[in-house]
Amino acid sequence: MNGDDGHLLARLPTLTTADETRLGVVADPHLSTRAQGTWKCYHRTETFLSRAVAGIQSASPDATVVAGDLTKDGEPANFDRYDELVAPLSSPLTVPGNHDVPKSFVDHEVLPVEDFADRYTRDGYPFRERVGGLDVYCLNSAATTDGSLRDTWGGRVSQDQLDWLAERLDGPRVPVVVVHHNLFAQPEHTGGFWRNFPLQNADALQDVLTGHGPVLVVSGHHHIPSVQRDGDVHEVIAPALCSYPPSYLLINVGPKGTTVRRMPVTTPAERTEAYTLGATGTDLGQAVVTLAADRVGSEPQ
């Protein structure tokens, strides 16, 4: 593993709070207790999640957020093991990913999204949690009432959630919106499997967020560490915990701005293995690892 300071992913000088507030961020652990290999390093997922939990505990954040895809494909046993491993964290603020809810193309039992909400929230989605100088808004992009997302890995934020968010954004705290699917498409997205990464109604969510001062969106799904900005809306895409480069984030917001640090969870040999599994895997795995390696190589120092 790398040093305690990790790797600086971004500085966001306009996102400030009077008091220092720290978030730990986990995305895409894809926990699997039985599967092996693939570009998602399934055989390492328990180890990587355990290390992330220990690292976050050591950093003593004000809250931890989990940006979805807790499990490989929503298997009940994987949810149970996930819960055991994250038990040391204090009630992580958790949203579902596309791999956590029922799909038409899996052949095993999967928790309905309503049961996911019962398991990981007090009152379901959407919800708001006040954390230091932040208002953390957690949205569900992994299911719709008509079930249309059963046939895709894509995502959408319902109109009810957008209306709820619009009514609550004005306030003294910095808004942090946690959602699994990405708000901003990456420049490399030209079609094919990339179409499943951004929100289907990303423009609608951005319209709600624009004009409310600096806003931070935290997402996962893409597996590639990234920071983008459009006006006063910033998005940090957390790296996946399961694939190259397996990492979590520490986000510090204070009077001098915001820093985002990527915290690796691998030994050098495990990092090499994660890269090799991706570079020799499926077309998607190869594409994701290639982009991730480029982003990691260009992180500011």
Task: Shortest non-hydrogen separation from Asp232 to Gly211 and the atoms involved - done: OD2-N, 3.2 Å
Task: No-hydrogen, no-angle side-chain donor-acceptor test under 3.5 Å, Glu20 and Asn252 - done: no
Open item on the list: Can you confirm whether Val179 sits close enough to Val157 that some side-chain heavy atom of one is under 4.5 Å from a side-chain heavy atom of the other?
Closed with: yes
Open item on the list: As a test of understanding, state which of Glu235, His181, His180 forms a side chain to side chain donor-acceptor pair (under 3.5 Å) with Ser219.
Closed with: Glu235
TODO: Answer yes if the side chains of Asp100 and Thr71 hold a donor-acceptor pair under 3.5 Å, and no otherwise.
DONE: yes
Task: Leu284 side, atom CG; His223 side, atom NE2 - distance, nearest 0.5 Å - done: 8.0 Å
Task: Minimum-distance pair of heavy atoms, taken over all atoms of Thr45 and Tyr42 - done: OG1-O, 2.8 Å
Open item on the list: If we ignore hydrogens and angles and just use 3.5 Å, is the side chain of Arg173 paired with the main-chain N or O of Pro175 as donor and acceptor?
Closed with: no
- [ ] Determine whether Val177 and Leu209 make a side-chain contact, defined as any pair of heavy atoms from C-beta on separated by less than 4.5 Å.
- [x] yes
Open item on the list: Using the rule given for side chain to side chain donor-acceptor pair (under 3.5 Å), can you reason through Arg11 versus Thr259, listing the C-alpha separation, both sets of side-chain angles and the distance that settles it, and then say yes or no?
Closed with: CA-CA 5 Å; Arg11 296 186 189 276; Thr259 59; 5.8 Å; no
Open item on the list: Could you report the tightest heavy-atom contact between Val296 and Pro245, atom names first, then the distance?
Closed with: CG2-CG, 3.4 Å
TODO: Check the surroundings of atom OH in Tyr275: do more than 12 heavy atoms from other residues, nucleotides or ligands lie under 6.0 Å from it?
DONE: no
Open item on the list: I'd like to know if the side chain of Thr17 reaches the main chain of Asp19, judged simply by a donor and an acceptor atom lying under 3.5 Å from each other, with no hydrogens or angles considered.
Closed with: yes
TODO: Begin with the C-alpha distance, continue with both residues' side-chain angles, and end with the deciding distance and a verdict on side chain to side chain donor-acceptor pair (under 3.5 Å) for Ser32 and Asn78.
DONE: CA-CA 6 Å; Ser32 176; Asn78 289 337; 4.5 Å; no
Task: For His30, the option from His221, His43, His99 that meets ring pair (Phe, Tyr, Trp, His ring centres under 6.0 Å) - done: His99
Task: From Asp135 atom CG to Leu216 atom CG, the distance as rounded to the nearest 0.5 Å - done: 13.0 Å
Task: Heavy-atom donor-acceptor pair, Asn201 side chain to Arg156 backbone, under 3.5 Å - done: no
- [ ] Spell out, as yes or no, whether a donor-acceptor pair under 3.5 Å connects the side chain of Thr210 to the backbone of Gln206.
- [x] yes
Task: N-O pairing of Arg122 and Glu129 below 4.0 Å - done: yes
- [ ] With rounding to the nearest 0.5 Å, note down the distance linking CG in Leu277 to CD in Glu273.
- [x] 5.0 Å
Task: Check: Arg81/Thr33 side-chain N/O donor and acceptor closer than 3.5 Å - done: no
Open item on the list: Counting C-beta onward and ignoring hydrogens, is there a side-chain heavy-atom pair between Leu9 and Val227 closer than 4.5 Å?
Closed with: yes
Task: Salt bridge flag under 4.0 Å for residues Glu270 and Arg51 - done: yes
Task: Atom of Phe116, atom of Thr94 and distance for their closest heavy-atom approach - done: CZ-CG2, 4.0 Å
TODO: Report yes or no: does Thr258 contribute a side-chain atom to a donor-acceptor pair with the main-chain N or O of Gly254 at less than 3.5 Å?
DONE: no
- [ ] Heavy atoms only: give me the nearest Pro126-Gln161 pair and the separation to one decimal.
- [x] CD-CG, 3.8 Å
Open item on the list: Looking at Asp69 and Lys40, is there a salt bridge between them, counting it only when a charged N and a carboxylate O are closer than 4.0 Å?
Closed with: no
TODO: May I ask you to test the Val136-Arg128 pair for a side-chain heavy-atom distance under 4.5 Å?
DONE: no
Task: Close side-chain approach of Tyr244 to Trp39, heavy-atom, < 4.5 Å - done: no
Open item on the list: Looking at every non-hydrogen atom in both residues, tell me the closest pair between Pro96 and Val113 and how far apart they are.
Closed with: CG-CG2, 4.3 Å
Open item on the list: Parallel, tilted or perpendicular, judged at 30° and 60°: which one describes the rings of Tyr120 and Tyr82?
Closed with: perpendicular
- [ ] Determine whether Ser247 and Val265 make a side-chain contact, defined as any pair of heavy atoms from C-beta on separated by less than 4.5 Å.
- [x] no
Open item on the list: Do Phe79 and Leu241 sit in one hydrophobic cluster, given that two such residues count as connected whenever their side-chain heavy atoms are within less than 4.5 Å of each other, even indirectly?
Closed with: yes
